[in-house]
There are 2 protein chains.
Amino acid sequence: MRKNENFSKAILDLDRMVHEPARLAILTVLASAEEVAFLFLQRITGMSKGNLSTHTQKLEAAGYLDTVKAFQGRIPVTSFRITEDGRLALKAYHKQLRALLPEEGKR
Amino acid sequence: MRKNENFSKAILDLDRMVHEPARLAILTVLASAEEVAFLFLQRITGMSKGNLSTHTQKLEAAGYLDTVKAFQGRIPVTSFRITEDGRLALKAYHKQLRALLPEEGKR
DNA sequence: CAAAACAAGTTTGTATTGCAAACTTGTTTT
DNA sequence: AAAACAAGTTTGCAATACAAACTTGTTTTG
């Protein structure tokens, strides 16, 4: 049996910056591409612009993504790239989750 | 490649009653025993009494656990049992997480 | 050409929530 | 009898997620 104490305390140590579903979705998409545009991210996740904007700002403040502001012709386009720290945080989070999930055989 | 759209929207559909780490820890412990006493749960998770109390109340309101109030001698002892709904919710949550985690080979 | 509609994000306001300090009710110790 | 302890609960507060409303600029239309 898994040691319940360490185990449940580990759950409480999950990185909340990543654990929040909106941000987890953002990071997951960013992890699968070089660079992702704001509007693409919005459509793919179905989030509102406001919500997406605040979450990407938080992820940037945490150092998990970089914001790239550019112009496509004359209209502004904001894009994002996951940082190395972001990738590491996501990987670490995945590891925490795996430790938490019952093993294959025991489902 | 996984379809990014369905995928990231699925993340946003995670059951938040279970997703919250404090409650996930509680449910996980409850799932591994018949009945668990308040103080045991508190020690094993390291949560404060107040926090534990409010989260168990939420889980009860959601129908995910039952609260059992009894006496040990003359002192009151509160215990909890996961309900069938709670077990199902936890299982469904695990399933959602598995779908979300990169596969073994791709780590 | 002026006005209205549209685009791309950001800021602000609100309602919810997680958390621990303080409280309550009762028991045991001094 | 008073003080200390136990087991939870309630209350107050700070942080957060979210969308509506706003801002700045561009394109379309009358």
Side-chain angles (χ1 to χ4, degrees), chain A residues 8-30 35-62 64-81 89 93, chain B residues 8-30 35-62 64-81:
Chain A
S8 50
K9 283 187 178 158
I11 295 179
L12 295 168
D13 278 339
L14 283 167
D15 180 351
R16 288 176 109 103
M17 182 58 65
V18 179
H19 190 62
E20 163 62 32
R23 290 190 295 263
L24 179 56
I26 293 169
L27 286 179
T28 301
V29 174
L30 291 192
E35 189 169 317
V36 178
F38 184 99
L39 288 181
F40 177 81
L41 202 47
Q42 194 205 338
R43 275 194 301 277
I44 211 176
T45 60
M47 294 171 67
S48 70
K49 291 178 176 192
N51 198 18
L52 182 54
S53 178
T54 52
H55 281 301
T56 52
Q57 283 178 42
K58 277 188 189 182
L59 285 167
E60 179 170 40
Y64 289 179
L65 63 76
D66 285 333
T67 302
V68 181
K69 299 226 168 229
F71 284 86
Q72 200 107 283
R74 4 192 55 196
I75 74 170
V77 176
T78 300
S79 300
F80 307 101
R81 290 167 172 271
Y93 179 76
Chain B
S8 49
K9 282 186 179 158
I11 295 179
L12 294 168
D13 278 340
L14 284 167
D15 180 352
R16 288 176 109 101
M17 182 58 66
V18 179
H19 191 62
E20 164 60 31
R23 291 190 294 264
L24 179 56
I26 292 170
L27 286 179
T28 301
V29 174
L30 290 192
E35 188 170 317
V36 178
F38 185 100
L39 289 181
F40 177 81
L41 202 48
Q42 195 206 337
R43 273 194 302 276
I44 211 174
T45 60
M47 295 171 67
S48 70
K49 290 178 176 192
N51 197 19
L52 182 55
S53 178
T54 51
H55 282 300
T56 53
Q57 283 177 43
K58 277 189 189 181
L59 286 167
E60 179 170 41
Y64 289 179
L65 64 75
D66 286 332
T67 302
V68 181
K69 297 229 168 227
F71 284 87
Q72 199 107 284
R74 6 192 51 195
I75 75 171
V77 176
T78 301
S79 300
F80 308 100
R81 288 167 172 273

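Protein chains get the first letters and strands the later ones, always in sequence-line order, with residue 1 at the start of each.
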Among C:dC19, D:dT26, C:dT27, the one nearest any side-chain atom of B:Thr54 is C:dC19
Distance-only polar pair, side chains of A:His55 and A:Asn51, donor-acceptor under 3.5 Å: yes
Between C:dC19 atom P and B:Leu52 atom CG, what is the distance in whole Å? 11 Å
Using side-chain heavy atoms (C-beta onward) and a distance below 4.5 Å, is A:Met47 in contact with B:Leu12? yes
Side chains of B:Ser48 and B:Gln42: does their closest heavy-atom pair fall under 4.5 Å? no
Which letters describe nucleotides 1-9 of chain C, given B = protein heavy atom under 4.0 Å from base, S = only from sugar-phosphate, - = neither? -------BB
Would you check if the side chain of A:Ser8 reaches a backbone N or O of B:Ile44 as a donor-acceptor pair within less than 3.5 Å? yes
A:Gln42 CD to D:dC18 C1': how many Å, rounded? 13 Å
Out of C:dA20, C:dT17, D:dA17, minimum distance to the side chain of A:Asn51 belongs to D:dA17
How close or far is atom P of D:dT9 from atom NZ of B:Lys58, stated in whole angstroms? 15 Å
Determine whether a donor-acceptor pair (N or O, by modelled atom type, separation under 3.5 Å) exists between the side chain of A:Thr45 and the backbone of A:Leu41. yes
Say whether, by atom type as modelled, one donor and one acceptor occur between the side chain of A:Arg23 and the main chain of A:Met17 under 3.5 angstrom. yes
Contacts of B:Thr54 meeting side chain to side chain donor-acceptor pair (under 3.5 Å) (sequence neighbours excluded), chain-then-number -> none
Between CZ of A:Phe80 and C1' of C:dT10 the distance, given in whole Å, is 11 Å
Could you list by number each residue of residues 17-26 of chain B showing a heavy-atom separation from DNA chain C of less than 4.0 Å, or answer none if no residue does? B:Glu20, B:Ala22, B:Arg23
Residues which pass ring pair (Phe, Tyr, Trp, His ring centres under 6.0 Å) with A:Phe38, listed by chain and number, not counting sequence neighbours: none
Phosphate contact (D:dC18 OP1 or OP2) by B:Arg16 side-chain N/O below 4.0 Å: yes
Between C:dG18, C:dT11, D:dT10, which one does the side chain of B:Gln57 approach most closely? D:dT10
Separation of atom CD in A:Gln72 from atom C1' in D:dT26, rounded to whole Å: 15 Å
Would you give me the side-chain donor-acceptor pairs under 3.5 Å for residues 66-74 of chain B, sequence neighbours excluded?
unit_1  : atom_1 : unit_2  : atom_2 : d
B:Thr67 : OG1    : B:Glu60 : OE1    : 3.3
B:Thr67 : OG1    : B:Glu60 : OE2    : 3.3
B:Lys69 : NZ     : B:Thr78 : OG1    : 3.3

Using the C1' atoms of five pairs at each end, what's the angle between the two axes of the helix from C:dC1-D:dG30 to C:dT30-D:dA1, to 10 degrees? 30°
Within the 4.5 Å heavy-atom criterion, are B:Arg16 and A:Glu20 side-chain neighbours or not? yes
Carefully, step by step, assess B:Phe80 and B:Leu52 under the rule side-chain contact (heavy atoms from CB on, under 4.5 Å). CA-CA 12 Å; B:Phe80 308 100; B:Leu52 182 55; 5.5 Å; no
